[in-house]
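So the structure is just underneath, and the comments pick up after that.
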Amino acid sequence: MAAKSAEHRTRDPNTLSNVQEVTTTNISLQLDVDFGKRTLSGTAKLDLKILQDGIKNVILDTRELTIHGVRSEDGNALEYTVRNVAASPFGSPLDIQFANPLDKDATTSVYIHYETSPKASALQWLTPEQTAGKKYPYLFSQCQAIHCRSMVPCQDAPAVKSTYQAKITVPRELVALMSALRVGEEPVTSDKTRWTYKFHQKVPIPSYLIAIVVGALESKVIGPRSRVWSEKEMVERAAYEFQDTEQFLATAEELCGPYVWGEYDLLILPPSFPYGGMENPCLTFVTPTTVAGDRSLVNVAAHEIAHSWTGNLVTNKTWEHFWLNEGHTVFVERKIIGRLHGEKTRHFECMGGWNFLRDTIAAFGDTNPHTHLVPVLDGVDPDDAFSAVPYEKGSALLFYLETLVGGPEVFEPFLRSYVDNFKYECLTTAEWKDYLFTFFDDKVKEGVFDEVDWNAWFNTPGMPPLKPEYDTTMSDACIALSRRWREASIDELDQFTADDLNDFTTGQKIEFLAQFLLEEALSLDQLKAMEKCYGFNSSKNSEIRFRWYRMCIRGGWQDVIPMALEFVTEQGRMKFVRPIYRDLYALDSARERAVETFKKNRGQMNNICSNMVAKDLKVDK
Ligand code: BES
Ligand code: ZN
């Protein structure tokens with residue numbers, strides 16, 4: 001039989017669980033947070049539903065968990081084995097035998113008594129020195145894509161959706177939050193030093209959306225259903241930065257339908273948080289590098305808000321269909337920005353995304369299978385496959401289709417209907433395409449989609465077969481100024497002044513710098529002249545610093561290397577840290593310092609980030 005092409009694949013290669021036979025309907029956690037031992041310990045109760053006749057066991061994903069025992073509902077011990085799969089990113093499956101074989105539609109529960117490892121890949125334990133307040137320790141999780149298994153024994157697959165409840169016990173000076181509604185808190189009667197927080201997530205979610213944070217957290221109301229949470233040192237600045245949250249939510253509701261999660265809060269994490277943002281339901285996690293002081297980087301909030309529909313309600317069936325989550329979310333993020341700042345801004349963001357895609361594909365090499373929109377992930381750790389491709393190739397495809405069917409007025413009803421049709425479910429790329437064709441039935445008959453080279457979009461590496469037509473009003477100015485810099489001879493460099501950037505938005509400054517990363521490096525003279533006019537060395541905007549340092553490293557400007565090393569040490573957002581470390585590694589005169597800096601700091605870094613950088617720098621684990 002011929003192999004099915006990637007868009008049809010339904011089997012999840014990144015889980016070891018028997019997801020075809022059993023599913024989880026609810027998870028109840030009772031966990032004790034121990035900052036001394038750096039562990040979570042307690043019980044996970046999983047409510048299971050059987051999907052086929054004669055099922056004898058459930059296999060759960062675990063990674064570096066210590067299992068103390070497994071019991072059934074009636075309190076009897078159940079037999080289990082933890083299979084050891086050496087050094088697999090997928091962990092060690094926990095195989096639990098039911099007391100009797102169970103038939104389709106039967107339900108049962110298992111109680112797993114366990115403890116996490118201090119090295120759990122989902123968790124980062126910070127010392128007080130690593131926090132803003134310097135007084136209390138801090139813990140946060142990052143489960144996407146397959147790290148939940150190091151925190152909770154579960155069916156760690158996006159196709160399995162369950163509700164969850166949790167009781168989390170922490171030192172009483174600290175606050176615990178989760179990706180769920182807060183439903184109560186109380187002192188621990190037997191221990192005056194501890195406090196219990198209770199949570200309930202009533203909407204069924206995949207395991208990768210389970211999240212926890214524990215720290216000296218405070219909050220401020222920023223909207224009718226929203227607060228920002230952070231250490232007290234950041235609360236005011238964060239509240240200012242994310243003032244537009246309710247407007248984003250309301251706009252997203254117009255586009256995608258009602259917000260079903262009740263509350264929408266934002267948590268600003270310590271600087272080592274490895275992503276820009278993470279769409280944990282009810283509580284988006286964001287990096288402090290988005291708090292620029294001028295609201296210029298809040299598209300991250302628009303993005304995570306959009307995930308409340310695309311991703312969290314309608315979910316990719318496996319990580320091979322990740323573009324369904326991220327491509328749609330980028331598309332909706334830019335729709336939100338477009339509604340609030342105009343279509344020209346939306347097109348400008350899309351152009352920026354297209355350039356980011358060019359950059360990404362150039363770095364991977366245009367025949368690399370990781371550049372497929374729908375990659376095959378057999379034996380592949382999703383962290384290794386992660387890139388801008390699903391985001392930008394995916395959203396470019398949607399933009400192209402929008403133009404093809406007749407524009408936003410025609411395409412937006414599809415988006416809304418797609419969310420409504422697949423909410424609370426998961427789907428593959430093939431199912432997405434079927435739904436597109438059903439919705440646009442008449443257009444299919446008119447032959448509107450005949451020109452789309454689906455196979456090229458889905459299953460071939462490199463850039464997409466076609467570039468959508470974006471309005472270039474805002475990007476033209478960035479390109480024109482960057483051309484002038486490229487074309488100026490050494491004696492012409494005095495034509496540039498700080499005023500060149502007067503009419504630029506922060507986004508345009510960022511895009512101006514991005515132009516230089518698409519072509520060969522500037523000379524040292526050019527870089528120094530640019531610094532003299534525009535003073536990028538003293539910028540505090542993380543997106544500007546990121547691009548400026550990359551330009552300077554590529555141009556071999558030694559004075560900037562310490563600043564770049566400082567940047568990758570003071571914050572841990574992978575989007576910034578990995579490319580800068582890679583650029584430093586590629587520069588003979590910086591390689592040794594980069595490796596040294598990494599080795600010195602890796603103990604303080606987030607696990608996910610340090611594992612990736614170790615690979616990038618070819619440093620052993
Ligand atoms: N869900 C992602 C972050 C993620 C993806 C974590 C895969 C782990 C594995 C989140 O929504 C995201 O895309 N964040 C972006 C925001 C940007 C596109 C505005 C980021 O972190 O930069
Ligand atoms: Zn996202």
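Atoms within a ligand are numbered from 1 in the order they appear, just like the ligands themselves. Values in this document were obtained by computation on a predicted structure and should not be read as measured data.
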Original post:
Counting heavy atoms only, which of E326, M278, E304 comes nearest to atom 14 (N) of ligand 1?
Top reply: E304
Original post:
Any N/O/S of E304 under 2.8 Å from the Zn ion (ligand 2)?
Top reply: no
Original post:
Partners of A176 by side-chain contact (heavy atoms from CB on, under 4.5 Å), sequence neighbours excluded?
Top reply: I168, V170, Y197, F199, V214
Original post:
Looking at ligand 1, does any of its N/O atoms fall within less than 3.5 Å of an N/O of Q144?
Top reply: yes
Subject >> Close N or O approach (H307, ligand 1; < 3.5 Å) >> reply: yes
Subject >> Ligand-residue contact atoms, ligand 1 with F386, heavy atoms, under 4.0 Å >> reply: 5 (C), 7 (C)
Subject >> Contact atoms of ligand 1, heavy-atom distance to Q142 under 4.0 Å >> reply: 6 (C), 8 (C)
Subject >> Six-ring centre of F248, R339 cation under 6.0 angstrom, axis tolerance 45° >> reply: no
Original post:
Backbone, side chain, both or neither: what part of E279 comes under 4.0 angstrom of ligand 1, heavy atoms only?
Top reply: side chain
Subject >> Numbered atoms and elements of ligand 1 in range of G276, under 4.0 angstrom, heavy atoms >> reply: 20 (C), 21 (O), 22 (O)
**OP:** Using distance alone, decide if ligand 1 has a nitrogen or oxygen within less than 3.5 Å of any nitrogen or oxygen in H303.
**Re:** yes
Original post:
How are the rings of F546 and F576 set to each other: parallel, tilted or perpendicular (split at 30° and 60°)?
Top reply: tilted
**OP:** Check each of F273, Y391, Y275 against atom 8 (C) of ligand 1 and report the one with the nearest heavy atom.
**Re:** Y275
Original post:
Among protein heavy atoms, which sits nearest to atom 3 (C) of ligand 1, and what does the distance come to when rounded to 0.1 Å?
Top reply: G277 O, 3.6 Å
Subject >> Atoms of ligand 1 close to F322 [distance to a heavy atom under 4.0 angstrom, numbered from 1] >> reply: 5 (C), 7 (C)
